[in-house]
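Letters A, B, ... mirror the listed sequences (proteins, then strands); counts begin at 1.
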Amino acid sequence: MDASLLLLADARLPAGAHAHSGGVEPAVTAGAITDVPTLLAFLHGRLTTSGLVTAALAAAANTHATHELGTRTPDATASNTIAAHTHSGCGRRAAANVAAGAGVGGGWEVLDGEADARTPSPAQRRASRAQGRSLLRAVRAAWPSPVLDALVPLGPHHPVVLGAATAVAGGGPREAASVAVFGTVSGGASAAVRLLGLDPLAVHAALAGLADVMDAVAAEAAGYAGRPWAELPAASAPVLDLDAERHARANLRLFES
Amino acid sequence: MTRGYAPRAAVTAEADASGRTRLTRLRSDGPLAVRATPDAVYLVGAAASPLGGDDLKLDLTVGPGAVLAIRSSATTLALPGAGESHMTVHASVGAAGRLDYAPEPTVAARGCRHRATAVVDLAADATLRWREELILGRHGEAPGRHMSRFDVTCNGRPLLRHELILDDPAVYNSAAVLAGARTVGSILLVDSNLRREPHTEDGLAVLPLAEPAVLITATAPDSTLLRRRLHTGETIARTQTPPDTPAPTLATIAAHPG
Amino acid sequence: MGGHFGHGHDVHDAAPVRGRALRLGIGGPVGSGKTALTAALCRALRDELDLAVVTNDIYTTEDADFLRREAVLSDDRITAVRTGACPHTAIRDDISANLDAVDALEARHPGLELVIIESGGDNLTALFSRGLADRQIFVLDVAGGDDVPRKGGLGVAAADLLVINKTDLAPFVGSDLDLMASDAARVRDGRPVVLNSLRTDPAATEIAHWVRAAVGAAHAAAS
């Protein structure tokens with residue numbers, strides 16, 4: 001993987017991730033995570049549900065951003081894209097997306113709406129947009145691009161920004177999905193180390209054991225890139241949603257989400 | 001190589017000039033039968049026990065201003081057989097139309113491979129109530145594989161895309177997904193005047209969506225408690241002002257978009 | 001306005017303040033009196049400056065709640081940030097949650113002149129990032145031991161203003177104020193030190209004066 005993408009995946013990227021536990025603190029509070037095996041089971045469950053959804057959205061955003069980067073040079077495709085944008089209205093946007101078939105032609109707001117539709121929990125929507133905003137600030141500083149600038153007014157979901165940033169940093173949909181999957185797992189694991197005082201060596205050994213699943217989820221997610229956005233995975237995790245809402249109203253908490 | 005049934009049933013409800021709803025189409029197809037009663041249209045027959053290889057389709061059309069309620073006469077039991085069984089419901093609801101879809105629960109029996117798909121297209125000011133309940137196996141039995149996907153668009157815009165994939169027990173029994181619950185269910189409400197504040201209690205979450213709609217999700221050890229939790233959630237979702245918080249104004253909702 | 005602080009004692013580059021509020025970090029160990037000082041500054045300055053506060057609560061929203069309860073500012077001028085068990089990360093390594101909070105306050109109050117960012121209480125090496133705070137105050141208290149200034153640490157040595165707090169307690173905890181002040185001066189290369197007691201001076205007069213001067217200097221540099 002290129003150095004740019006490693007920078008993007010690094011937990012030290014100043015993009016606010018350290019204040020989010022990816023559902024781990026809510027699960028710790030609920031008594032569902034107490035040690036390394038229960039942490040691993042939780043991460044596995046989250047990875048193959050909301051992790052897959054996040055990675056697929058990131059891969060889709062990556063493909064769209066790559067297309068946008070291409071159309072920034074004046075050619076025939078650019079005028080088509082602009083035409084689709086000027087006719088944007090709620091029903092028509094979706095129609096443009098379906099008609100294009102490849103998720104290209106609908107604007108960022110359509111993809112962002114697809115992320116909303118897959119995130120029923122208001123607390124998780126807030127957390128995703130907050131992390132998206134922070135990530136956008138960091139990546140615009142590191143890799144300035146008009147494609148990233150165009151996302152600012154939308155305040156998009158985190159995977160949308162991540163996918164676009166991966167494209168600007170030179171990666172494709174598979175890299176976007178991998179970075180998304182890695183963030184899903186490593187952020188939660190780090191939070192568990194801090195919250196429960198778990199042995200970081202044991203936690204990382206467990207993560208290494210999860211690497212095959214992480215790769216499989218990233219590959220599956222990347223496989224949706226280029227398909228209509230409506231078809232992207234939408235795997236739900238009801239307990240994750242419930243715990244996220246409880247957490248948002250808890251008085252004692254260390255992490256935003 | 002589908003060897004099972006492939007019935008196509010359909011119901012169309014249209015409002016006449018006086019605004020009264022008439023069922024202008026009520027098509028049963030072999031084992032998948034629909035029966036009109038004064039209160040609702042009931043699903044009977046094969047809908048109650050899809051076998052592997054069956055491919056059931058139901059089309060529901062609610063015209064502008066019309067009202068349709070769908071119920072079922074019994075629990076649906078998804079059974080094993082030759083390949084996957086499919087149940088696909090496609091519904092469209094026109095302007096000011098109302099669809100209330102609330103069949104009895106589905107039981108994912110041991111060895112089943114069932115895929116339930118629902119696609120709902122709503123006009124901008126249509127009203128929806130859509131309930132799904134799933135029981136993981138008959139009494140004391142490990143469930144088969146059950147995959148469901150629910151796609152709802154409103155005025156062409158995605159409102160909810162929601163899958164529940166019960167495939168790998170290590171995933172769905174995890175503390176992120178069902179945490180070992182034996183039943184899971186949801187009610188989607190699309191209506192004006194729904195609560196905009198989330199609410200949680202044991203096994204129940206009332207989740208206002210980004211669009212004007214509320215998803216109520218519940219898990220429970222048994223179907224009786226599941227139904228009770230969903231009912232509680234629906235009551236809360238329809239209570240616009242929670243007792244401890246002031247009613248959100250349009251401005252505060254706009255300031256905190258999902 | 002400028003007082004004796006505006007004349008080259010501050011070795012830091014001029015803050016990049018142009019068309020936005022001055023961002024003042026208040027850091028220091030847990031229990032050194034940061035929140036009480038923040039409240040005192042708000043009371044002292046709210047009638048002359050358009051100001052707001054971001055608290056970095058380490059566990060609850062207690063600091064923000066304290067400020068609200070004390071009614072030092074209206075609710076919409078106080079924002080709490082969560083730090084994921086790492087208060088120093090939130091003010092130093094990954095400042096994005098704090099920047100988001102400051103952005104939101106500035107959007108809500110377009111004329112804002114001063115944003116106080118209170119850290120969550122941390123060790124002696126925690127400094128505010130230059131990307132977050134234009135100026136920073138480090139708060140020690142006499143009860144934490146009179147050897148703390150001698151031991152130094154980034155906060156003690158490099159903060160724009162060092163406050164040795166709760167001086168009224170010095171006789172009770174056996175701390176030598178003169179020793180603390182002279183040790184601090186030695187590591188601080190001429191940067192100012194203020195001895196403070198909110199019990200004897202609830203308005204934190206000298207610190208408020210320093211903050212006023214910092215805001216004035218920033219405005220002068222920007223215009």
TODO: Determine the option with the most heavy-atom pairs under 4.5 angstrom with chain A, choosing from L99(C), I95(C), D93(C).
DONE: L99(C)
Side chain, backbone, both or neither of [X] within contact of chain C (heavy atoms, under 4.5 Å):
| X | result |
| --- | --- |
| L13(A) | backbone |
| A130(A) | backbone |
| R137(A) | side chain |

Heavy atoms only: give me the nearest [X]-[Y] pair and the separation to one decimal.
| X | Y | answer |
| --- | --- | --- |
| A15(A) | D94(C) | N-OD2, 3.1 Å |
| C86(C) | H18(A) | O-CE1, 4.2 Å |
| S96(C) | G16(A) | OG-N, 2.7 Å |

Open item on the list: More than 12 heavy atoms of other residues, nucleotides or ligands under 6.0 Å from CZ of R12(A): yes or no?
Closed with: no
TODO: Output the distance between atom CZ (R82(C)) and atom OG (S21(A)), rounded to the nearest 0.5 Å.
DONE: 11.5 Å
Open item on the list: Once rounded to the nearest 0.5 Å, what's the spacing between atom CD of E256(A) and atom OG1 of T83(C)?
Closed with: 9.5 Å
Open item on the list: Whether the side chain of R133(A) engages the backbone of D100(C) through a donor-acceptor N/O pair (distance < 3.5 Å, no angle test) should be reported.
Closed with: no
TODO: Name the region of D103(C), side chain, backbone, both or neither, that has any atom closer than 4.5 Å to a heavy atom of chain A.
DONE: side chain
